[in-house]
Amino acid sequence: MSVSNTGYIGRFAPSPSGPLHLGSLLTAVASYLDARATHGQWLLRIEDIDPPREQEGAVNLIINSLIAHGLQWDGDILWQSQRSDSYDAALDRLLNKQRAYYCSCSRAQLANTGGIHPECCFQAFTLGDAAIRLKIEQHSVEFLDRVQGPQCYQSTQIGDPVLKRRDGLYAYQLAVVVDDAEQQITDIVRGVDLLDATAWQLHLQQTLSLKPIRYLHLPVIVGDDGHKLSKQSFAPAINDQTAKANLLQVLRYLGQALPPADLNITELLRWATQHWQADHIPNQTALSL
Ligand code: GLU
């Protein structure tokens, strides 16, 4: 593992719901370069906590694509499917502190009440067979995003997030916060589609007394239909055979200077690391394909 001079620890955390597409490669490259530019570590976490949404073989495709693009991570891969004990421990703490509660409200019920939970929810700290939600007690959550600027979310706007689903699966909001703390992540670089979720995650970090993290939310690439490229919408997988061209395309999207033409992939990434300028990333939420 490379030694981090600056204490920066970044990560790439794909869900194996499909192979990498251009949008997820953009996130991988930006998080890699931002970490390496400060001689930081770059960790890989596979977010495999939602089996119904996973695609067979996707993990191998993702790993092969990262390797083909020269994106070598530090240390061992962290697999969320092996982290249940840590998630349960966090849930126990929250339930014991009465900062989380069991809730059996349906989406339709919550839509009718404008997201307000009935009093019985807030008194249920021991009941099984229901979702577990985090109680958002703060009035508002504020943070500064390195690309998207100052953000402020009112708690009435965001509602109480599910931490464990009724079907027994752990929710992303819980797993991501517990694992970012486990991996001692200092900096998160990811797509702007997760900007709203950051408010929940910050609240959960504070409730669990975890260290604050810096955030950089990248514009997402949208297709002709105006929708974000995503694995769920079957965005085409990146072609590992054209790794160099893919990297150049991603650097262009990220507003970065382009390296001389004759470099191989290792040299190209080294050059891009040396010339990385996070403040050149377009401060938009969407980039057209
Ligand atoms: N697993 C999420 C995804 O593939 C990313 C989570 C994160 O970066 O916080 O979209």
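Whatever order the structure lists ligands and atoms in, that order sets their numbers, starting from 1. Along the sequence shown, residues carry numbers from 1.
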Quiz prompt | Derivation of the side chain to side chain donor-acceptor pair (under 3.5 Å) call for Q173 and Q201 | solution = CA-CA 6 Å; Q173 311 299 346; Q201 293 169 22; 3.0 Å; yes
Practice problem: Can you run down the salt bridge (Lys or Arg N to Asp or Glu O under 4.0 Å) pairs that involve residues 140-150, sequence neighbours left out, and say none if there aren't any? | Solution: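 For residues 140-150: D34-R146, R146-D187.
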Practice problem: Just need the protein heavy atom nearest to atom 5 (C) of ligand 1, so name the residue and atom and give the distance. | Solution: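 Protein heavy atom at minimum distance: A13 O, 3.4 Å.
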Counting heavy atoms only, which part of [X] comes closer than 4.0 Å to ligand 1: side chain, backbone, both or neither?
X   : value
S15 : both
T27 : neither
R11 : side chain

Self-check item: Under 3.5 Å side-chain donor-acceptor pair for Q183 and R45
Solution: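 The criterion, which ignores hydrogens and geometry beyond distance, is satisfied for R45 and Q183.
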Quiz item: So between R190, E47, Q173, whose heavy atom ends up nearest atom 6 (C) of ligand 1?
Solution: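 Considering heavy atoms of R190, E47, Q173, the nearest to atom 6 (C) of ligand 1 sits in E47.
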Quiz item: Hey, which atoms in ligand 1 end up nearer than 4.0 Å to a heavy atom of Y172?
Solution: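 In order of number, 6 (C), 7 (C), 9 (O).
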Quiz prompt | Contact atoms of ligand 1, heavy-atom distance to V176 under 4.0 Å | solution =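 Selected atoms, number and element: 9 (O).
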Quiz prompt | Min heavy-atom dist Q201 to ligand 1 below 4.0 Å | solution =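 The answer is no: ligand 1 sits nowhere under 4.0 Å from a heavy atom of Q201.
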Quiz item: Do L66 and L22 share a hydrophobic cluster (ILVMFWY, side-chain heavy atoms under 4.5 Å, transitive)?
Solution: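 They do share one cluster, since a chain of ILVMFWY contacts under 4.5 Å joins L66 to L22.
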Quiz item: Can you list the steps and then say if H217 with Q151 is a side-chain contact (heavy atoms from CB on, under 4.5 Å)?
Solution: CA-CA 11 Å; H217 284 90; Q151 307 294 319; over 6 Å; no
Exercise. Please step through side-chain contact (heavy atoms from CB on, under 4.5 Å) for the pair F143 and L195, ending with a clear verdict.
Key: CA-CA 10 Å; F143 63 98; L195 189 67; 4.0 Å; yes
